[in-house]
Each structure stands twice: as structure tokens, then as C-alpha cells.
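Read the structure below first, then the notes.
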Number of protein chains: 2
Amino acid sequence: MTQKSGIAAVAETAGVSVSTVSQVLSGNRPVSEATRAKVNAAIAELGYTPHPGARSLRSRRTESIALLVPDITNPFYPLVAVGMQDVLLPAGYLLSILDAGSQSGTGRLLGHVLERRFDGIALHIDGLSDADRARLAESGTRVVALGRDIGIEGSDYVESDDAGGFAKLGEHLLGTGRRRIGFIGGEEESDPSRLRLGGLRQAFAGAGLGYDDAATVFTSFTRDGGRDGIAALYERRTDWDAIVCANDLIAIGAMDELRRRGLSIPADVAVTGYDDIDAAALVHPSLTTVENPAREIGRTAARLLLTRLAGDGDDAPTQHITLSTRLVVRDSTTSPIPQER
Amino acid sequence: MTQKSGIAAVAETAGVSVSTVSQVLSGNRPVSEATRAKVNAAIAELGYTPHPGARSLRSRRTESIALLVPDITNPFYPLVAVGMQDVLLPAGYLLSILDAGSQSGTGRLLGHVLERRFDGIALHIDGLSDADRARLAESGTRVVALGRDIGIEGSDYVESDDAGGFAKLGEHLLGTGRRRIGFIGGEEESDPSRLRLGGLRQAFAGAGLGYDDAATVFTSFTRDGGRDGIAALYERRTDWDAIVCANDLIAIGAMDELRRRGLSIPADVAVTGYDDIDAAALVHPSLTTVENPAREIGRTAARLLLTRLAGDGDDAPTQHITLSTRLVVRDSTTSPIPQER
DNA sequence: CTGAAAGCGCTTACAG
DNA sequence: CTGAAAGCGCTTACAG
């Protein structure tokens, strides 16, 4: 007996042909119960695992999906990953999370990712260069974008309803009687900053009120940004009764600076964030915020990819899915008792 | 001209043999400058990318490494991943992060991971079943363990010096004059709980003091665990001047409960954590803790894998690397001013 | 329901 | 320094 390996060894042990073993494995054509049993016994006896390289060489599929993120230490992305796995594992796909380390690193990693011939790629990227867009389109790899359209024919995308979330925050604050409401954005040129401010304006308009441009400042999406934002707003006026921040980190920095100035939250001034990161519930007072449905974004992205991979969908129009967000009211806007010391 | 693809198309365009193209790609044997130039021109013209499946089928290598973690939403693991990438990308390996979703999920995912024939796997797992250990050993895949030995011949492991970190915390507290120091552990049977308490005892012994067993309680590694721990400790006595917690989450819960009881941190009682998660700097007062060198753990694990993969190391003895930890002193033990309101 | 054979795209001895 | 050929382990028409 020659020393065979792989599927040939299984075939020999089971006393059937190599093709029959393959059919048992794939289920692509009917196999008699007796044969199937012999083959499965041989597989178990030999501890056989198909070689994925050989498989993909023929089938042109790798059964793996990549999630390419700019910064895996940002807690938003692990949640997206978990959501994608929810959908992909039961469908037989393996999800690989690839960290580019930064927005600019994404382009650099893209080449490596395309080389590996993943069946599909999910990516969250701010500025995709024309060269990268062309590489993606040519590669034939299915792409789903998170957060924004990346402008490739047939590439679907999923985003959360930022504007709606800020409209809810605005309504909540207006509903509790706050009127002198400042806004601290992240980088002024960023899409999220604009969309989020837009949602706040919408809440004011809905209540028949105008929103004053002098009530907005733009800094950066960081804790320091929040501190700077408060400093800038309090130079303009000092009677704010609420501060809406473009994300939770800004809000936490804003609370630091408000506390340093001897102001009480929420008795003197209410503060809100966005994203509902873990820290939002950990800080004191706990932060009213909006849940960014990261996990659901991941699930949706995975479903869109699977649909495209199932074929037939090649000529389907690009899909754009917007997920609604949920207001999470905590103590920073509504604490009934005066702040404890 | 027949319609070739892959390396054959490159060979035809360049007017050389398929083997020569392969040699240019791999650098495995000398190629004349002129030939190399022709081949590279053809590669660029055709936008050729080698097929990884075909490559691994022959070479028995995938040039990819997997990091298998129990819960990617635990911020410790993304940092480990970043550290591994620091080392692996320059070496030409792609790192795939795979999330098992839970400790128990790790075994379930292991089969899928082994099927993919990664060249190496890094994993952090508490209880590896004998069956899984056998599967890992048989697969021939290189394994490096994070946090503990998994008992496979030739599998190195990396851990951080928990005991040393707690010894530093203990010395810091004793040095600031605290003596009535309680300890809130996680699950009592867990290795980390034992090791960490051991470090604290060591600090007392070093100062010529004894440590009282009645000063320890075990709960769980969560925020709720911290609340419960305080309740349990204050049933025993009420004059604690410091609480050492087995991780940051416990510490944050402990601070919640101390504050609720009207105690001031650190004026009445100091609190310490472990890990230095982001939230440790975000809470108020900011938390004195110990940095768990996650990124360095990742780097070290990656280096160990690469060394083994470079061969020659097959018969090298198992390596066990312990990384030292760093004390991070913040306001929860030393705030010079009375706590602000 | 089953088998023999071609071929996916590479790498690697073997020859020259 | 270069080429022809075998073969890695599968899947998939083609035949029966």
C-alpha cells in the first residue's frame, strides 16, 4: 500500500473512489447511505481534514470573510466583529479581523488582504483612494462598507442613524426644560460631526425653536476635545444648561472640565454623549447617551455579504441600510437627587 | 494565444518559463537582472497576484497566524492583537483575530481554526480539554499560549507578572501609611485571584507585617463583584483605609459602593485596580492600578511563534516568558486635595 | 449511485 | 542561469 494522504487515503481506507469521498464531504450529489457510512468512518479513523488551499484552488472560494478596521482598540469594532460572527459562523464562514492600526494603514493593508482571496471584505474606511477603489473593484472580492458608501458598483453599505439619534437627544433635553444647549463636535470637516449637529438642529426645529450657531464648537473626538470644547463654550457665555457632545469621549472630557469649574452635573448643567461605550455607564454621574448599534451593524453587513455571495445578486442594485439608534437615559441629564460628594 | 491565467500568463507575457517566474517571486534561486526585469514588467502589466491556495498546497505554509480569543470585546485582547501585528506584518505574515465569544466557545471554534491550516496559533484559554489538547498537538500547528501553559510539548507561553504587580501596589499603599487593607478577588478558584492575593501578601511580608485572611473576600471579576465585595468587607469591620481589587472592573464597582455609603476616596479609603483599562483613567477619582502589558505580550508571543516557524527550534525546550508590570499611581490613592463635589 | 480523469495554480526537484 | 515536468489535494464535468 502506497502512502497516500488527504482525500486519497480516505478513499483507499473506505474502499471507494476519491470523487465519492468528495461528494460525501460536499453533499453535491446523492450518495448511498452505506457508502456514506464507510466514508465517514474512514474520515474519523484517519482524523482527516480537507486542505483549504486545494479546495479553494478548485472551487475559487475560501469560505472566509475579512473585517478590515482602522483601529481594533476602538471598542466599536470588536462589537461589529461579534455581530458579523453571529451570522457568518452558522453559515460556515470564518471571520478574520484585520487591524490596519489607523485610517491611513487601511490602504497599506488592503493589498495583503486582497492577496489572500477572502470571499468577502467588510471595511470601515474614511477616505478610500481612487487607486484602492480600483484595486477592490478589480479583485472581484465582494465588499460591504460600514458607515459610508465607498462608491464601488454592487458594494452595499450599512450605517447607523446618527442624525436621528441626536434628534432624540435634543428632544429629551428640550422635554426636560433645557433651552441653553451647547454642542461640542469632533473635527469640523468630519461627516459624523455634521450629521450629529444636524440631528440636534432638527429637534429644535421640531419644537418650533431656532438653533444658534454660536452654541457650537468643533474640537476632536477625544477626551481632551471635550475639555477644550467646554473652555470655548464658556468664553461665549456661562449660563448653559445642557451640553450635547458628539461622542462619549468628548462628553467625559466635558464633565471633567465642568466639575473642575465647580459646576454640578446635572443640577447646573446636563451632559450627553454618543456611542454608549462601556465607560459611559462607569463614569459618575453615568452618562446619558445614544447606543450606536455596532453589533447589529455587523450582523447586517454579514447578511448583505452572504446574499451577494449566494450569487444571483450580482446585478442587484446597491443596497443602503440605515439602522435606527436607541436613546439611553442615565444620571447626567436626569439624576433626581443632588449630586453626591 | 490560449487564454492562460495566473503564473502561466505572466510567463507567456514575459517570454520565460513558469519556473522562472516562480523563482523571481520567491527569490529561491538566482535570476539574471534582465530576466527579472521582464518578469516584473509582466507582473505589473497583468496585475498578477499569486493564488495563496495553490501556494500553500505546495509549500505547506499559509503565511498566516491566528489569534484565538475568548472575548474580543474585552479590551485586553485587541491590545494583544496590535502587539502581534507589530511583529508579524513586517515578517510577511497576516494576523487573523478569531473571536470565540466565550471561554467555552474556544473549543468549538478550534476545529474551524485547525481546518484553515494557519502556520501558527496564539491562544488565551483557561481550561483546555484533553481532546482539544490532542487535536492541537496532532495538527502540527505551532501554538503559543497567553497567560498560562497549555501543556503541549514545544508550545511556549507568555504571561505577565501578576504577583509582582500586586506586590508593587501593596508597597505603594503601605508606603503611604495605609495598614487596614482589604482585598476583593474575582472567582476564588481562579489562578489570577490566587496569584494577585499572593503578591499583596508578599508586600506585607516584605514590610515585616502579617496579612489577615479575614481581610479577603472573593466575588467575580465584574463591577457587580466590586459592589458585593465592599458589602462583604464592611460586614467584617468598617475602618478599612484601603481596598485592593483584583482588577479594574471590581475597583470601579467598589468605588460605586463606597461612594454610596458616603465614604470619600481616597481621603477615607484608597482603592486600587489591575489592568489599566481605558476606564481606569476615565472614572472619578481616576484609579491607581497596574498596567497589564498586553501589547508587549502580543509582541512576545509573535516572536516566539516566528522563532519556532523558522525551524531548527523544533527540539528547543519550551520557553516561558514572564513580563514585568508597571504601577500607575492616580488619584484614588493619592489625591492631594479633598475630593471635589 | 459511482468512478476515472482532467485540471485549478503553484513549487520544487531534476536536467542541462 | 533557465526550462520541462511532476505533483501538492482537491472539485467537477464526463461516462456509465
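Convention: sequence-line order gives letters A, B, ...; per-chain numbering from 1. What you see below is based on every heavy atom in this structure, not just the backbone, and it leaves out hydrogens, waters and symmetry mates.
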Requested in this report: Kindly point out which of C/dG9, C/dT2, D/dG3 is positioned nearest to the side chain of A/Arg60?
Outcome: C/dG9
Query raised in the report: Side-chain donor-acceptor pair under 3.5 Å between A/Asp119 and A/Thr62, yes or no?
Result: yes
Report summary line: Between CD1 of A/Ile43 and P of D/dG9 the distance, given in whole Å, is 16 Å
Contacts under 3.5 Å, N or O only, protein and nucleotides 10-12 of chain D:
unit_1: D/dC10; atom_1: OP1; unit_2: A/Tyr48; atom_2: OH; d: 2.7
unit_1: D/dC10; atom_1: OP1; unit_2: A/His51; atom_2: N; d: 3.3
unit_1: D/dC10; atom_1: OP2; unit_2: A/Ile7; atom_2: N; d: 2.6
unit_1: D/dC10; atom_1: OP2; unit_2: A/Tyr48; atom_2: OH; d: 3.4
unit_1: D/dC10; atom_1: O5'; unit_2: A/Tyr48; atom_2: OH; d: 3.0
unit_1: D/dT11; atom_1: OP1; unit_2: A/Arg55; atom_2: NE; d: 3.0
unit_1: D/dT11; atom_1: OP2; unit_2: A/Ser22; atom_2: OG; d: 2.6
unit_1: D/dT11; atom_1: O2; unit_2: A/Arg58; atom_2: NH1; d: 3.0
unit_1: D/dT12; atom_1: OP2; unit_2: A/Asn28; atom_2: ND2; d: 3.4

Query raised in the report: Between B/Ser19 and B/Ser22, is any side-chain donor less than 3.5 angstrom from a side-chain acceptor?
Result: no
Query raised in the report: Counting only side-chain N and O atoms of B/Thr20, is one of them less than 4.0 Å from OP1 or OP2 of D/dG3?
Result: yes
Query raised in the report: With both distances under 3.5 angstrom, what nucleotide forms a Watson-Crick or G-U wobble pair with D/dA4?
Result: none
Query raised in the report: At under 4.0 Å between heavy atoms, what does A/Thr35 touch on the DNA or RNA strands: base, sugar-phosphate, or nothing?
Result: sugar-phosphate
Requested in this report: Check the distance between D/dG7's C1' and B/Leu57's CG and give it to me in whole angstrom.
Outcome: 9 Å
Requested in this report: Please say whether more than 12 non-hydrogen atoms of neighbouring residues, nucleotides or ligands are located less than 6.0 Å from CG in A/Asp278.
Outcome: no
Report summary line: Exactly one candidate in B/Leu68, B/Ile297, B/Thr300 meets side-chain contact (heavy atoms from CB on, under 4.5 Å) with B/Leu146; the answer is B/Ile297
Query raised in the report: Any luck finding a side-chain donor-acceptor pair between A/Asn292 and A/Ser160 under 3.5 Å?
Result: yes
Requested in this report: Kindly assign one of parallel, tilted or perpendicular to the pair A/His124 and A/Tyr77, based on the angle between their ring planes and the thresholds 30° and 60°.
Outcome: perpendicular
Report summary line: Applying the 3.5 Å cut-off to both distances, the Watson-Crick or G-U partner of C/dA13 turns out to be none
